[in-house]
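Single-structure report; data block below.
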Amino acid sequence: MVKDTMQTLTQQPFEDYRASLLTRVKRLVVKVGSGVLTGPQGLNLSVINDLSTCIFEIKQKGIQVILVSSGAIASGLKKLRFTCKPKTVSEKQALAAVGQASLIMAYERAFGRFGQKVAQVLLTRDDLTNRRRYLNARNTLITLLSLDIVPIINENDTVVVDEIKFGDNDNLSALVTNMMDADLLVNLTDIDGLFDKDPRTNPDAELVGVVGKVDQRIRNFASVIPGFLGTGGMSSKIKAAQKLSLAGIPTIIANGLRKGILKEIFDGKEVGTLFLPRANGLCKRKHWIAFTKSPKGEIIVDQGAERAIVSNGKSLLPSGIIEVRGKFGVGDSVVITSEYGKNIAIGLVNYQASDIQRIKGMRTNQIKATLGFKYHDEVIHRDNLVLTSEAEEGIEECHFSN
Ligand code: GLU
């Protein structure tokens, strides 16, 4: 087993750290991928039964559990006897609608064996990017947990199209874990964890037991080949783990096809790959700005503004702005790019795009005369800005989705 450098939270040996981490878990998010939940005949009921048994047992230790479950599209696919994943969005949406019903029914039955109640929660990206809806979703989940219910979350695939999707359930589970202040994400997939090579093609591939920091070497380890039915492959799991590490939350990626895997993890067995949390992570709000809101536009700045923002911790003023791209409103998030095309930060704007067009390059004392009003001196205040380097390059590309 390969062990990566541990330059984070602890000087403890890895095994001790893992054990003490597990004893501190009070709220857990478990994510299960389609490749684990579905087989050639459709939903894999023995996996679902095993998972629900383990989750029920973990709950008996006083740990709250939230399940993020994929498998709707894959299950709908089998149910409607499609031979491969359809290409059109509307067909995928239809499959998700059919499959989600079977999925939740299977969980109801499996958890029902112990009298454990479950709830279906279908989220869209808008539910988390809009601060009010984000807080609503969070309150509902907190209420479900306080009623001793296991929330089972999936993306509401039936109503979203690609441009407004979370991307994949790895990302969704990371955002939910952070939103819910959970102590750990267990991401169950169809291989044992992160390997130094693709184990499907390299018999000498070694499992990486612990990752201190997601760097280029770790990203290279991640196979970019997605599973047949799942969406993201190992790369998206690593991105999700990195996001959580930046929020100070650990992740374990493990094999959900291995019977009793959750029990093994909570019994302290060294299975899967543990991603350590970073000691000085982003605060919750900055994490939300960096990772949950999707950027709606781009502001290109000159070298003076780049220096002020990156090296001197300053806000973005109109004077340093060269160009504005995309249509966005007050409070939307935009990417800040240097004049040489380097993505340097992301932040929430105080002015809409068309107003920034008019005040770009100006001094702050010219804002009022030009627009007829002035909300703030800053186009993006420092408190609402996250440097790309702070987010370890994890900030999303800008898609100008409006
Ligand atoms: N939401 C999709 C489904 O339930 C899965 C997305 C994913 O696996 O990342 O089918």
Side-chain angles (χ1 to χ4, degrees), residues 29-45 47-48 51 66-80 82 84-108 118-128 137 151-177 185-191 222-244 251 253-257 291-292 294 396:
V29 176
V30 178
K31 185 257 167 182
V32 210
S34 305
V36 173
L37 290 166
T38 49
Q41 307 313 322
L43 283 175
N44 189 335
L45 297 179
V47 167
I48 292 179
L51 209 63
I66 297 169
L67 186 57
V68 176
S69 176
S70 300
I73 296 178
S75 149
L77 191 92
K78 303 289 177 204
K79 212 165 166 188
L80 298 187
F82 277 51
C84 60
K85 212 168 171 173
K87 294 265 178 299
T88 69
V89 174
S90 53
E91 275 179 311
K92 277 190 240 169
Q93 290 175 320
L95 290 184
V98 171
Q100 181 65 28
S102 316
L103 186 66
I104 211 74
M105 216 150 70
Y107 281 121
E108 274 250 354
V118 298
Q120 169 180 265
V121 180
L122 298 178
L123 295 174
T124 65
R125 192 171 184 126
D126 280 351
D127 294 324
L128 302 194
I152 303 177
I153 302 178
N154 196 358
E155 180 156 16
N156 195 352
D157 295 302
T158 303
V159 299
V160 291
V161 288
D162 284 352
E163 296 73 45
I164 55 164
K165 273 178 89 67
F166 287 107
D168 50 67
N169 276 5
D170 296 316
N171 187 29
L172 170 63
S173 63
L175 300 180
V176 166
T177 305
L185 169 68
V186 174
N187 192 338
L188 296 177
T189 183
D190 52 5
I191 51 172
S223 157
V224 286
I225 311 158
F228 173 57
L229 294 166
T231 315
M234 190 51 83
S235 292
S236 73
K237 289 175 197 5
I238 285 185
K239 268 195 207 151
Q242 183 185 17
K243 280 182 190 178
L244 284 180
T251 298
I253 297 180
N255 194 340
L257 289 170
F291 298 120
T292 306
S294 41
E396 244 187 74

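Read the numbers this way: they start at 1 and go in the same order the structure lists the ligands and their atoms. All values below come from the heavy atoms of this structure, side chains included, with hydrogens, waters and symmetry mates left out.
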- prompt: Counting from 1, what ligand 1 atoms have a heavy atom of Ala72 closer than 4.0 Å?
  reply: 3 (C), 4 (O), 10 (O)
message: For Thr38 versus Ala74, what's the shortest heavy-atom pair and its separation?
response: OG1-CB, 3.5 Å
task: Can you sort out which atoms of ligand 1 are near Asp168, meaning under 4.0 Å from one of its heavy atoms?
output: 9 (O)
message: Using the side-chain contact (heavy atoms from CB on, under 4.5 Å) criterion, which residues pair with Ala241? Sequence neighbours excluded.
response: Thr251, Phe275
- request: Determine whether Asn171 and Asp168 make a side-chain contact, defined as any pair of heavy atoms from C-beta on separated by less than 4.5 Å.
  value: yes
field: Mode of Asn154 contact toward ligand 1 - side chain, backbone, both, neither (heavy atoms, under 4.0 Å)
entry: side chain
- request: May I ask you to check whether Ala74 has an N/O atom sitting below 3.5 Å from an N/O atom of ligand 1?
  value: no
message: Is a donor from one side chain sitting under 3.5 angstrom from an acceptor on the other, for Lys79 and Ser102?
response: yes
- request: Check each atom of ligand 1 against the heavy atoms of Ser70 and keep those under 4.0 Å away; list them by number with element.
  value: 4 (O), 5 (C), 7 (C), 8 (O)
- request: Check whether any N or O atom of Asp157, backbone or side chain, sits under 3.5 Å from an N or O atom of ligand 1, and answer yes or no.
  value: yes
query: Hey, does Asn169 come in under 3.5 Å of ligand 1, counting only N/O atoms on both sides?
result: yes
query: Any side-chain heavy-atom pair from Asp127 and Asn156 closer than 4.5 angstrom?
result: no
query: So, do Leu122 and Val159 sit near enough that their side-chain heavy atoms are less than 4.5 Å apart?
result: no
message: For Gly33, state whether at least one heavy atom is located under 4.0 Å from any atom of ligand 1.
response: no
